[in-house]
Protein chains: 2
Amino acid sequence: MPSSHPTTDRRAALKERHRRDIVAAAAALLEETGGLNFTIEDLAARADVSRRTVFNHFASLSDVLAAVFDDVMGGLLACYQAQAPLDAGGRAWAGVDAVFDELAAALRATDLVPSMSYLTRSLIGEKERSPWLDGVLLRVLEDGGLRLAAAMRERRPRVDPLEIDLLVNTVIHGVLVVHRHWYEATDAADDDASRVVWSGLVERFLSRLRAGYGPDPGPS
Amino acid sequence: MPSSHPTTDRRAALKERHRRDIVAAAAALLEETGGLNFTIEDLAARADVSRRTVFNHFASLSDVLAAVFDDVMGGLLACYQAQAPLDAGGRAWAGVDAVFDELAAALRATDLVPSMSYLTRSLIGEKERSPWLDGVLLRVLEDGGLRLAAAMRERRPRVDPLEIDLLVNTVIHGVLVVHRHWYEATDAADDDASRVVWSGLVERFLSRLRAGYGPDPGPS
DNA sequence: TGCACTCGGTGCACCGTTGCACTCGGTGCA
DNA sequence: TGCACCGAGTGCAACGGTGCACCGAGTGCA
């Protein structure tokens with residue numbers, strides 16, 4: 001088959017559709033049950049596939065959940081990639097401060113409140129938080145961080161990889177802290193008032209990172 | 001698997017759904033194109049299956065069309081079976097006149113106008129009639145007639161099978177003649193006026209059959 | 001009149017799903 | 001404390017669908 005034909009064949013389309021349906025079903029069930037209060041049987045029925053098919057697509061339930069969270073968190077990476085397109089010339093010589101500015105711009109530009117709200121509802125339902133589920137989320141954040149760092153190194157090849165890794169790690173875990181404060185202030189609402197709080201916290205976080213933790217050099 | 005489980009499994013459900021989708025797609029394309037103005041490729045695309053799958057379910061296009069027509073004509077057999085349920089006692093000794101009355105009742109009770117209208121539009125589109133397609137319809141009528149006769153013999157085992165076969169054959173071909181006259185009078189419309197014409201023609205047809213073709217015995 | 005094309009139909013290998021029996025870990029209860 | 005049950009996860013075979021190359025009949029055109 002000539003590879004110039006851009007559309008996948010029916011087999012590939014079916015496979016992809018089933019994979020998406022499983023992830024979407026898991027996302028729905030997480031939200032509806034407030035966490036891991038469903039079985040693989042429930043998930044399969046909701047996705048309209050067999051139990052075996054779930055395991056054909058994913059090695060385990062934690063892989064399904066990882067895909068769910070990955071979808072949810074995908075907006076930040078996409079926004080960063082939009083902020084710093086690959087084909088922009090003359091940026092290879094810039095320092096980590098430039099990388100920081102691009103990431104900061106992406107963080108400001110991305111509306112993370114829906115994702116945060118969803119994750120909060122899914123992870124903190126009427127039952128106690130599941131450490132296992134938190135572990136899945138952490139893994140996704142780490143994986144996402146790795147991809148984000150890779151995207152940065154691709155765009156800024158002369159910046160010290162350690163600086164990039166430190167930056168990404170700091171930002172991701174910083175966002176988790178921002179989330180906790182945001183949650184306490186807004187009860188994870190997904191509305192305009194909640195967005196104002198989120199933006200304020202993000203600004204304080206980014207300002208602190210920019211300024212660093214050394215002694216304040218004072219007005220000059 | 002215990003056969004007490006009444007619902008089919010997912011495989012069987014998928015298979016049946018694809019078979020139904022193919023038949024439904026063929027019915028739609030016959031109507032939309034006014035006959036055989038589509039390809040197997042069109043049919044497969046409309047049914048959302050592959051070309052090969054069509055031939056997995058049906059030996060040929062004529063078999064698909066036979067299924068379409070069979071669905072369309074199925075109402076009469078179902079109505080007859082409702083008119084003359086199997087478990088009704090004491091009817092085995094009746095004659096062919098009783099069988100005729102049951103069939104006549106079914107013919108009166110079944111609204112055949114939608115089916116007739118559909119078949120007319122499908123078989124007589126903007127192009128010339130297809131003798132091949134007419135042949136498929138005839139085959140379906142014959143098959144349907146065989147099943148109708150079998151249902152009658154099951155209910156009236158003491159009636160001469162020849163009498164039953166003659167009756168069924170006469171009624172089916174009579175309905176075709178009724179259709180032609182109805183078509184000329186109504187242009188195959190599917191509306192109340194068209195139903196009135198159909199019923200009138202059916203009554204004349206049934207009266208003639210009941211009275212027979214001997215000399216009129218006159219008023220007595 | 002020969003050739004190229006279309007389309008119905010076919011054989012075969014492969015893919016993805018499914019059914020089902022099974023294992024193992026966790027849990028609850030008598 | 002042992003047993004029964006539940007549910008995640010697994011291996012394997014079968015099923016249904018799919019891709020693709022092919023054949024043959026029919027058709028249109030140079």
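No hydrogens, no waters, no symmetry mates; every other heavy atom, side chains included, goes into these values. Naming: A, B, ... by sequence-line order, numbering from 1 per chain.
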Taking only residues at least two apart or on different chains, which pairs with a member in residues 50-62 of chain B satisfy side chain to side chain donor-acceptor pair (under 3.5 Å)?
B:S50-B:T53, B:R52-B:N56, B:S60-B:S62, B:S62-B:R139
A:T120 and A:H179: which non-hydrogen atoms are nearest, and at how many Å?
OG1-NE2, 2.9 Å
Using the side chain to side chain contact (heavy atoms under 4.5 Å, CB included) criterion, which residues pair with B:V196? Sequence neighbours excluded.
none
Suppose we screen for side chain to side chain donor-acceptor pair (under 3.5 Å). Which residues come up paired with A:E154, at least two apart in sequence or across chains?
none
Between the protein and nucleotides 4-8 of chain D, which nitrogen or oxygen pairs are less than 3.5 angstrom apart?
residue : atom : partner : partner atom : Å
D:dA8   : OP1  : A:I40   : N            : 3.0
D:dA8   : OP2  : A:I40   : N            : 3.1

Could you pull out all donor-acceptor pairs under 3.5 Å where a side-chain atom in residues 69-80 of chain B meets a protein atom, sequence neighbours excluded?
residue : atom : partner : partner atom : Å
B:D70   : OD1  : B:R147  : NH2          : 2.6
B:D70   : OD2  : B:R147  : NH2          : 3.3

Rounded to whole Å, how long is the line connecting atom CG of A:L36 with atom P of C:dG26?
16 Å
List the atom of A:G145, the atom of A:V168, and the distance in Å for their closest heavy-atom pair.
O-CG1, 3.5 Å
Stems where DNA chain C pairs, listed by first number, each of three or more Watson-Crick or G-U pairs under 3.5 Å
C:1-30 with D:1-30
Minimum heavy-atom separation for B:F205 and B:T170, please, with both atom names.
CZ-O, 3.8 Å
Sequence-distant partners of B:P114, side chain to side chain contact (heavy atoms under 4.5 Å, CB included), two or more places apart
B:D111, B:D190, B:R195
List for me each residue that meets side chain to side chain donor-acceptor pair (under 3.5 Å) alongside B:H181, sequence neighbours excluded, and say none if there are none.
none
In whole angstroms, the gap separating C1' of C:dT6 from CG of B:N37 amounts to 15 Å
Run the side chain to side chain donor-acceptor pair (under 3.5 Å) test against A:S194 and tell me which residues pass, sequence neighbours left out.
A:W182
Could you tell me how far apart A:F58 (CZ) and D:dT10 (C1') are, to the nearest whole angstrom?
18 Å
Close residues, residues 62-70 of chain A, relative to DNA chain C [heavy-atom separation under 4.0 Å]
none
Please report, rounded to the nearest Å, how far the P atom of C:dG16 is from the CD1 atom of A:I22.
13 Å
Identify each donor-acceptor pair in which a side-chain atom of residues 14-21 of chain B lies under 3.5 Å from a protein atom, sequence neighbours left out, and give them as a table.
none

Ignoring hydrogens, what is the shortest heavy-atom contact between B:V171 and B:L209? Give both atom names and the distance.
CG2-CD1, 4.0 Å
Which letter, B, S or -, goes with each nucleotide of nucleotides 11-16 of chain D from 5' to 3', with contact meaning a protein heavy atom under 4.0 Å?
BB-BSS
What is the distance, to the nearest angstrom, from the CD atom on A:E16 to the P atom on C:dC15?
17 Å
Looking at A:R46 and A:E32, does any basic side-chain N land under 4.0 Å from a carboxylate oxygen?
yes
